[in-house]
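Residue numbers count from 1 along this sequence. From a predicted model like this one, the values you see are computed outputs, not experimental measurements. Counting starts at 1 for both ligands and their atoms, following the listed order.
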Amino acid sequence: MVEPLHIGVLALQGAFREHRLMLERCGAEVTEIRRPFDTSAFGGLERFDGIVLPGGESTTMGRLLTDWHLLEPLRECGRRGMPLFGTCAGLILLCREVEGPDGRLLTQPGLGLLDARVRRNAFGRQIDSFETEFPVRGVAENCRAVFIRAPVIVSCGTDVDVLARVDGPEGPLPVAVRQGNVLGAAFHPELTQDERFHAFFLDMCRKWKDNRPAMGI
Ligand code: GLN
């Protein structure tokens, strides 16, 4: 029998329970992360085969990550190639640059692992929240997704693979991206019954776990 994947879900704030349930439905073992597990550079997070950063409020989450000394250990895991999956506020935390809805650069704590600039609350007030279906490359032709005060990627480096775009006020912009083992979605697949995005992430985790001895953790 294949050993189950062990996934950490950041549980400081936001929609972490829904991620947990969906990952468990996909057969993973899940541990919620609230504090580092030890004082090493990885904070004990190296026990995981992948980590999920949920949606919520990115400034609050960034502040809590800083206060609880989780920012550096998470960044270190990402740098070493551990698969990280951020949804909505989690995506914002992954990005190198963050801007407000007016396009002005913001300074808020984050991991800066994804070479992209993200705009917070990008869909405007009228369409604050919506549910839709669209193709995500490598995942499915009809992924279901819930957007809640969602961000979009406004620009990204050549190493960033755009997996999906959605029409926003400024035309089709990326809402699902991948750079190496860093995966980000502007929406919430965990709030639907569609498990395929999580299955895609778990596939990344499985591949990484299988090659792990070579990765240095
Ligand atoms: N609007 C939130 C932010 O900018 C993200 C919303 C979400 O995670 N659903 O942090």
Atom 7 (C) of ligand 1: nearest protein contact (heavy atom, Å):
C88 SG, 2.7 Å

If we only count heavy atoms from C-beta on, is the C88 to I92 side-chain gap below 4.5 Å?
no

Give yes if a backbone or side-chain nitrogen or oxygen of A89 is under 3.5 Å from a nitrogen or oxygen of ligand 1, and no if not.
yes

Can an N or O of H188 be found at a distance shorter than 3.5 Å from an N or O of ligand 1?
yes

In terms of atom number and element, which parts of ligand 1 are under 4.0 angstrom from non-hydrogen atoms of S58?
3 (C), 4 (O), 10 (O)

Under 4.0 Å, heavy atoms only, figure out whether ligand 1 is touched by the backbone of I92, its side chain, both or neither.
side chain

Distance, nearest 0.5 Å, that separates CZ of F48 from CG of L74
10.0 Å

Looking only at protein heavy atoms, which one is nearest to atom 4 (O) of ligand 1, and how far off is it?
R120 NE, 2.7 Å

Considering the heavy atoms of E57, write down every atom of ligand 1 situated less than 4.0 Å from one of them.
10 (O)

Side chain or backbone of M61 under 4.0 Å from ligand 1, or both, or neither, by non-hydrogen atoms?
neither

By the definition side-chain contact (heavy atoms from CB on, under 4.5 Å), identify the one residue from Q193, R196, E133 that meets it with R144.
E133

Mind telling me whether H198 and H19 have parallel, tilted or perpendicular rings, with 30° and 60° as the class edges?
tilted

For atom 1 (N) of ligand 1, what is the nearest protein heavy atom, given as residue, atom name and distance?
N121 OD1, 2.6 Å

To the nearest 0.5 Å, atom CZ of F197 lies from atom NE2 of H188 at 12.5 Å

Spatial distance of atom CD (Q108) from atom CD (E57) [nearest 0.5 Å]
8.0 Å

Joint hydrophobic cluster, V182 plus I33, side-chain heavy atoms closer than 4.5 Å:
yes

Hey, which atoms in ligand 1 end up nearer than 4.0 Å to a heavy atom of G55?
8 (O)

Flag for T31-E29: side-chain donor and acceptor within less than 3.5 Å:
no

Please check whether T87 reaches ligand 1 - meaning an N/O of the residue sits under 3.5 Å from an N/O of the ligand, judged on distance alone.
no

Would P151 count as a contact of ligand 1 if the rule is a heavy atom under 4.0 Å away?
no

Within ligand 1, which atoms have a heavy atom of I148 less than 4.0 Å away?
6 (C), 7 (C), 9 (N)

I153 side chain reached by L173 side chain, heavy atoms, under 4.5 Å
no

Considering only protein heavy atoms, which is closest to atom 2 (C) of ligand 1, and at what distance to one decimal place?
G56 O, 3.6 Å

